[in-house]
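Notes to accompany the following structure.
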Amino acid sequence: MAGSYTREGYLHENYRYFHLRDTAGQERDFHFHDFDKIVLLLEGRVDYLVEEQSYALRPWDLLLVKHHAIHKALIDRSVPYERVIVYLDGQFFDRALPGERLMDSFETADRSGRHLLVPDAEQRAELEETLRAFEKARDDSRFGAQAMRDTLMMQILIQIGRMAPAAPERSEQADPKIRKALSYINEHLTEELDVETLAEQVYLSRYHFMRLFKAQTGSTVHAYVRQKRLLCAARLIREGVPATKAAADSGFGDYSAFHRAFRESFGISPGQLKK
């Protein structure tokens with residue numbers, strides 16, 4: 001059943017499920033969400049970049065993208081691209097089954113840097129059956145239909161939680177120099193982070209560093225740094241820090257520029273996020 005992506009940064013339901021098939025996809029620049037995300041490739045060729053990792057997905061590969069993880073899809077538009085995407089409000093599932101810790105898989109993936117899951121034949125058959133049941137239940141309006149959908153979504157999370165992360169060789173580690181640059185960015189968000197500064201940190205020429213960074217991350221240095229700073233500011237605002245201080249503490253020297261970038265990225269203002 002086809003659907004469409006939301007272009008806002010926030011999820012207003014407990015979860016949202018998409019089953020999409022096209023030859024274009026929606027290739028966006030590096031971005032992040034305030035919700036957890038499942039990506040399941042069914043057909044096509046796509047490389048997914050999640051933070052410092054790159055994954056060449058194969059059919060029935062799953063990616064777990066924790067909220068705030070910067071990611072991007074690089075899509076081969078010459079072939080059909082079919083995928084299931086699920087947006088999840090982890091707090092809903094924690095409240096529904098507080099002792100089961102259904103969202104721990106996302107925390108583990110984020111902490112270990114191993115976001116890829118590869119179901120074996122039995123796990124794939126079980127997951128395929130549950131997905132079919134969920135899609136059949138999507139338009140059901142009979143008594144208990146919403147509870148049935150919630151139950152099936154929880155079943156999907158249980159099945160995912162039982163899968164082991166793929167072997168490290170299934171991911172392509174970023175070039176060591178780019179890994180060092182990404183770590184430097186994380187640790188120096190409030191400082192000058194132009195191309196020259198970062199290139200000097202890894203002993204590369206400006207031109208070589210720009211080409212390597214783009215090839216490894218799919219993003220320009222400026223776009224990546226801006227997203228990281230926005231992520232940091234959003235976290236601080238949610239923790240109660242005033243927006244002007246959050247902007248400054250995240251490396252934005254101009255609050256009006258920060259406000260525009262924040263609204264562009266999240267679809268709401270910093271003040272709305274605080275509320």
Side-chain angles (χ1 to χ4, degrees), residues 1-6 8-21 31-43 46 48 50-51 53 55 57-71 73 82-140 144-167 170-171:
M1 184 178 296
S4 62
Y5 284 99
T6 176
E8 296 183 356
Y10 292 85
L11 178 67
H12 301 292
E13 303 90 356
N14 295 326
Y15 53 85
R16 187 176 294 180
Y17 179 100
F18 307 92
H19 186 161
L20 306 169
R21 190 176 193 274
H31 62 286
F32 53 91
H33 307 290
D34 201 46
F35 47 80
D36 296 324
K37 177 179 177 180
I38 299 169
V39 179
L40 168 62
L41 180 68
L42 299 176
E43 181 184 5
V46 57
Y48 240 93
V50 185
E51 292 289 338
Q53 305 292 335
Y55 302 94
L57 298 187
R58 303 170 186 170
W60 286 94
D61 280 356
L62 290 108
L63 276 182
L64 303 183
V65 183
K66 186 175 171 61
H67 58 276
H68 302 159
I70 292 182
H71 59 283
E82 184 176 5
R83 67 276 191 202
V84 167
I85 306 288
V86 187
Y87 298 161
L88 299 156
D89 177 359
Q91 293 183 353
F92 166 73
F93 296 98
D94 289 340
R95 290 192 302 268
L97 292 172
E100 297 300 327
R101 305 180 66 87
L102 295 183
M103 305 305 292
D104 275 12
S105 296
F106 292 89
E107 181 66 35
T108 300
D110 187 66
R111 187 172 59 250
S112 67
R114 296 173 63 185
H115 308 88
L116 179 66
L117 301 177
V118 181
D120 59 29
E122 181 178 353
Q123 290 170 334
R124 171 178 167 175
E126 291 177 349
L127 181 60
E128 195 168 3
E129 181 180 353
T130 308
L131 292 174
R132 281 198 301 266
F134 182 88
E135 295 192 10
K136 183 178 179 180
R138 290 182 73 184
D139 298 323
D140 192 348
Q146 186 59 56
M148 177 65 74
R149 288 188 287 270
D150 291 350
T151 300
L152 288 167
M153 185 55 65
M154 291 177 194
Q155 186 172 334
I156 290 170
L157 290 173
I158 291 169
Q159 290 170 343
I160 288 175
R162 293 176 175 177
M163 297 177 191
R170 278 299 311 275
S171 69

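The first residue of the sequence shown is numbered 1, and numbering continues consecutively from there. No hydrogens, no waters, no symmetry mates; every other heavy atom, side chains included, goes into these values.
Side chain of E126 to backbone of Q123: no donor-acceptor contact under 3.5 angstrom is found. The backbone N or O of H67 sits less than 3.5 Å from a side-chain atom of D36, completing a donor-acceptor pair.
In plain terms, the two heavy atoms of G161 and S105 that are nearest each other are CA-OG, 3.3 Å. For the pair L88 and F35, the tightest heavy-atom approach, listed with the atom from each and the gap, is O-CB, 3.3 Å. In plain terms, the two heavy atoms of V39 and K37 that are nearest each other are CG2-CE, 3.8 Å. When all heavy atoms of H115 and G113 are compared, the closest pair comes out as ND1-O, 3.6 Å. In plain terms, the two heavy atoms of A73 and Y48 that are nearest each other are CB-CE1, 3.6 Å.
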Donor-acceptor pairs under 3.5 angstrom involving side-chain atoms of residues 149-156: please list them, not counting sequence neighbours.
unit_1 : atom_1 : unit_2 : atom_2 : d
R149   : NH1    : A137   : O      : 2.8
R149   : NH1    : D140   : O      : 2.9
R149   : NH2    : Q146   : OE1    : 3.1
D150   : OD1    : Y15    : OH     : 2.6
D150   : OD1    : Q146   : NE2    : 2.9
T151   : OG1    : A147   : O      : 2.8
Q155   : NE2    : T130   : OG1    : 3.3

Mind running side chain to side chain contact (heavy atoms under 4.5 Å, CB included) on F106 and L157 for me, showing each step along the way?
-> CA-CA 10 Å; F106 292 89; L157 290 173; 4.2 Å; yes
side-chain hydrogen bond (donor to acceptor under 3.5 Å, both in side chains) assessment of Y87 paired with E13 | CA-CA 9 Å; Y87 298 161; E13 303 90 356; over 6 Å; no
Pair E135-Y17, side chain to side chain contact (heavy atoms under 4.5 Å, CB included): steps then yes or no = CA-CA 9 Å; E135 295 192 10; Y17 179 100; 2.5 Å; yes
Would you sort out whether V84 and F18 count as a side chain to side chain contact (heavy atoms under 4.5 Å, CB included), showing the intermediate values?
-> CA-CA 6 Å; V84 167; F18 307 92; over 6 Å; no
Show your reasoning for whether side chain to side chain contact (heavy atoms under 4.5 Å, CB included) applies to L57 and L116.
-> CA-CA 9 Å; L57 298 187; L116 179 66; 3.9 Å; yes
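Looking at H71 and H33, their side chains come closer than 4.5 Å, going by heavy atoms from C-beta outward. Counting only heavy atoms from C-beta outward, the side chains of H19 and L42 approach each other to under 4.5 Å. Proximity of I38 to L62: side-chain heavy atoms (C-beta onward) are separated by under 4.5 Å at one or more points.
Interatomic distance, R83 CZ to E43 CD, rounded to the nearest 0.5 Å: 11.0 Å. Rounded to the nearest 0.5 Å, atoms CZ (F93) and CD1 (I158) are 10.5 Å apart. Atom CZ of R95 and atom CG of N14 lie 7.0 Å apart (nearest 0.5 Å). For the atom pair CH2 (W60) and CG (L40), the distance works out to 5.5 Å, reported to the nearest 0.5 Å. L20 contributes atom CG, which lies 7.0 Å from atom CD1 of I85 (distance to the nearest 0.5 angstrom). Rounding to the nearest 0.5 Å gives a distance of 9.0 Å between CD1 of I160 and CE of M103.
When the salt bridge (charged side-chain N to carboxylate O under 4.0 Å, His left out) test is applied to R132, the partners found at least two apart in sequence or on another chain are E128. By the salt bridge (charged side-chain N to carboxylate O under 4.0 Å, His left out) test, R111 pairs with E107, sequence neighbours left out.
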